[in-house]
Amino acid sequence: MATVVAGETYHLYHRRHTNAPTVQTPISPYPLVLESDRLTPLLGSNHPLQPDFCDTIYLAFCQKQGITRDPTGSVRPDLEGERRALELYEALRAANPEKTAAEIDEDLVKKIYTQNERQQIQHIFQWVVQTMEDLFEKSPEFTAQEKHWLKSRLRKVHLQIPPPASIYADEPDLLTKNEVYYERTLNGETRLRVGGAFLFTARSKFNWIFTMAHELAHDVDPCEIRFAHQSFPPYDRLTACFLENGVIARRNTRAECGANDQLSEVFADWVAVQITAVALEHFATEFDPNQVRAAAQNSVRDLCEQNTEEVHSDLELHPSGIIRIGVFGKNPRIRSILGCRPLDKPTDYCTFDWKKEQRT
């Protein structure tokens, strides 16, 4: 979403969530720690392919509502996390009637953004930044100069989380919301913020990884790059593929990086899938097939449309959940991890080196 303030552009990207807490999982040098002796290997030479699962992945992931669990945690619907955060806030107010609203906010963030939570968020954020840098570094389609520019930009994004509560003074409601978002402020600062309810509702570290990767990708999405007066041919090929494959809605009123354009959100989803695939691959040998499937499901669980109103909401900037999870299901690495057959037409999967003339 872009809002004009005092003649300048103020970019704000929100990613809605359907998440859920329970098991606390310590963070490791690689983002997740699992008790591998209690898990069974996933892929062996006899691992069966599932010919239809990835082609109907939206139904497989979204038809069951409620809580989904993987070895790192669980995911619940949005409203549960926000309800818990608000209940905690009201309980603190009732127990401390003499305190000001600002003091209650400080008490609230100490309950929500604990030292352990902050460390895990910070570690996953750092891992996502590094993995995204690697994505560009290992993409031969970019020049050395382009790679340097992209990586330098990513390193400048500041993870901004309480305490103190005053760090969100310009958006105090965020303390009890599920929102996680990237924004570029009027003075050019770029930052990523994490709502308090998100930490109540999202316990799956795969959900955290996908979420942070999606938001961080906005820092280098085609529209932010255009705003910075840059142009990269690999981005043009990727965008052409999105349009050709119907991932971005073609509308008569669409203006690239303007009204009715889904490019930024599609790009952010696409990058987040690459990053999540790395995390899933790392642990594929430690999870059994059902655990891997649950981890993959939790990573994009919030993209499931929970009611008919959501199907038609916010489609100006976002494709439908069916399309967004479809992008996840077309990723060759994800398909391999989940035991799905390769795509019938590999060029149906969008890449930085996609070219229209390669299609048959």
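Numbers for residues simply follow the sequence, beginning at 1. Values in this document were obtained by computation on a predicted structure and should not be read as measured data.
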### Task
Quickly, which of F232, F242, F142 forms a ring pair (Phe, Tyr, Trp, His ring centres under 6.0 Å) with F352? Name it, please.
F142

### Message
Less than 4.5 Å apart, side chain to side chain, heavy atoms only: is that true for Y89 and D105?
### Response
yes

### ring-ring contact (aromatic ring centres under 6.0 Å, His included) partners of Y113, counting only residues at least two apart
none

## Note on the structure
Residues passing the side-chain contact (heavy atoms from CB on, under 4.5 Å) test with Q160, sequence neighbours excluded, are H158, I167, Y168, E189, R191, R193

## Note on the structure
Exactly one candidate in R153, K151, R155, K138 meets salt bridge (charged side-chain N to carboxylate O under 4.0 Å, His left out) with E133; the answer is R155

### Query
Distance only, no hydrogens: is a donor on one side chain within 3.5 Å (strictly under) of an acceptor on the other, for T253 and N260?
yes

### Task
Flag yes if more than 12 heavy atoms outside K110 fall under 6.0 Å of its NZ atom; otherwise flag no.
no

#### Entry: Donor + acceptor pair across side chains of H218, E183 (<3.5 Å)
no

### Message
Pair D70, N298 - check side-chain hydrogen bond (donor to acceptor under 3.5 Å, both in side chains), show working.
### Response
CA-CA 7 Å; D70 66 55; N298 273 344; 2.8 Å; yes

### Query
Within the side chain of W208, is there an N or O that forms a donor-acceptor pair under 3.5 Å with the backbone of I121?
no

### Message
Holding to side-chain contact (heavy atoms from CB on, under 4.5 Å), I want the full list of residues that pass it with P172, two or more places apart in sequence or in another chain.
### Response
none

### Task
For S152, enumerate each residue passing the side-chain contact (heavy atoms from CB on, under 4.5 Å) test, keeping only those at least two apart in sequence or located in another chain.
H148

### Check: F136 ring centroid to W149 ring centroid under 6.0 Å
no

### Message
Quick check against the 3.5 Å criterion: does R93 have a side-chain atom that pairs as donor or acceptor with the backbone of I104?
### Response
no

### Partners meeting ring-ring contact (aromatic ring centres under 6.0 Å, His included) with F267 (sequence neighbours left out)
Y235

### Task
Could you tell me which residues satisfy side chain to side chain donor-acceptor pair (under 3.5 Å) with R251, sequence neighbours excluded, listed by chain and number?
none

### Query
Under 3.5 Å, is there a donor-acceptor pair between the side chain of T131 and the main chain of I275?
no

